[in-house]
K.L.:
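Take a look at this one; I'll ask things after.
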Amino acid sequence: MNRWSDWLLALVVAVSIIPLQLRILPILLPEVWIPHLGLVLVFVCGLALGEGVGVVAGFGLGLLYDRFTAGGVGLNLLLLPLVGAGAALLPRLLPEIAMPQKLILLGVFMLLAELFSAVMYSMAGFLVFDFWLVWHELIPAVLMNSLWGAVLLLYAGDDARGRQEI
Amino acid sequence: MWALLVCAVALFILFPQTRKRPMSLIEAPFVWASAGLVSISDGIAKWSGNAWHEYVALGDVYRDNLQLHAEINALQEEITASRDAVVRLDTLEKNLGFSSTFPKGVLAQVIGGDASHWFDALLVDRGENVGIRSGDAVLSPLGVVGRVAKATGNTAEILAVHNRGTVIPVRVQRSRHSGILVGGLSPSTLRPLSATERAAVEGVPLVAEMRYIHRSADVLPGDVVVTSGLSGRFPPGIPVGTVVRVVREKTDAFLKVYVVPATRLDTLEQVVIIATGTPRTDAGPSVDSAVAAREQASEVSGELAGDEPEQKP
């Protein structure tokens, strides 16, 4: 994030992500297929651009998502910076990490993040954690988030590796 | 000269059988050949005329066809837009009429859903500026929609009645037994489902449970559940849902009454919020819901009027 164009891009993404998720994607996709764009983006930012960007993006988008989510427990504000920081740790822990491994870890992260959300909302009394929730909400969300994350990761993969080497 | 002519006419009249005599051997070939030439020339003339009208002149027909197709497409678009405008106007009028029955009713346009997939929620374009506060009741002509979960200046997030966090005091419309409606049950808790129950819960993300009704109470599947008005937030008598199953357990003092919500969030375009707060004075007249709704209604009416064809005297 050294160039001003990167910051401009980040600003545009941050401003447009909520309208994209709330207004545009529901026109194009069935409701179940709409991903948690903030989560996906923070993971890719953390993995590709480092923990600083991951945590800042997670904090900003977490604040934004908590504003537009009915469950008012600040869950996204807690979850997204954690995901950003965790994703940034992966290249350090696994320096020779290849794209297939990144995709697997992406799926694991998405599963853990959605599981974390479900458990927290259940504990706060907003949801009932049962088989129906797992089958109709959790698994589709994990699959869709992983799919969109994989697309972003494959698109940004080489560029991100080059920047981290610099 | 005149005498010869008179003689010829007299012979023609007096001896008409001369016309029926067979052709002589000399004139027959001439007649046959001339008739053949006439029929050939007639065929050529007809063929060339048909060829011109059916092939060469088709360029005009093709252009006319294109123009007619374009006109048909434009008219179809206009018809679709008009039908949509009629439905929108009808819905708006219903919602506006419903809104005007409540002194503090604010008509709000749905502008989105929830940012997370965990909640059935709506985002609307009215907020604290018009007096909407967290916890306010949200209604539609079909029944109760839910409660306001969060409100900011110009937006409010509405949590649907069937979500876990929503609790409403309700009453069975027929027998007047009252209880508390708690959302957040998955339809899978009702399994196995009968055919009627399956039809009732089809496409419903979550069902609600009516609690604290004595086991001797008269409640049947199909009964309509309405708000009791005890909370003070919801006006009484608004439909909340329909009873889909009643369970009487021997060891339980209360019935288990499962209720399918009356409203579906995905079909809502406007909702009515019973605002309990005070509107901000600096919000300006543009945020007044009734005015805005009437402006929208007149706009739609204008669209409709513009779509109508001109009446010729």
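Keep in mind that what you see is a predicted model, and the values were worked out from it rather than measured. Protein chains get the first letters and strands the later ones, always in sequence-line order, with residue 1 at the start of each.
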K.L.:
Of all the heavy-atom pairs spanning B:K150 and A:T69, show the shortest one and how long it is.
P.N.:
NZ-O, 2.8 Å

K.L.:
Could you go through the side-chain contact (heavy atoms from CB on, under 4.5 Å) check for B:D114 and A:Q21 one step at a time?
P.N.:
CA-CA 9 Å; B:D114 193 84; A:Q21 180 155 353; over 6 Å; no

K.L.:
Would you mind checking which part of B:D266 comes under 4.5 Å of any heavy atom in chain A, side chain (CB onward), backbone (N, CA, C, O), both or neither?
P.N.:
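No part of B:D266 comes within 4.5 Å of chain A.
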
K.L.:
Evaluate whether atom CZ of A:F59 has more than 12 neighbouring non-hydrogen atoms of other residues, nucleotides or ligands under 6.0 angstrom away.
P.N.:
no

K.L.:
Is B:I158 in contact with chain A via its backbone, its side chain, both, or neither, using a 4.5 Å heavy-atom distance?
P.N.:
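Looking at B:I158, nothing touches chain A.
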
K.L.:
Look up atom CD1 in A:I18 and atom CG in B:L123, then write down how far apart they are to the nearest 0.5 Å.
P.N.:
9.5 Å

K.L.:
Quick one: what part of B:V110 sits under 4.5 Å from any heavy atom of chain A, side chain, backbone, both or neither?
P.N.:
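Contact with chain A involves the backbone of B:V110 alone.
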
K.L.:
Before giving the answer on side-chain contact (heavy atoms from CB on, under 4.5 Å), spell out for B:W118 and A:E114 the whole-Å C-alpha distance, their side-chain angles and the decisive distance to 0.1 Å.
P.N.:
CA-CA 10 Å; B:W118 299 111; A:E114 293 291 346; 3.1 Å; yes

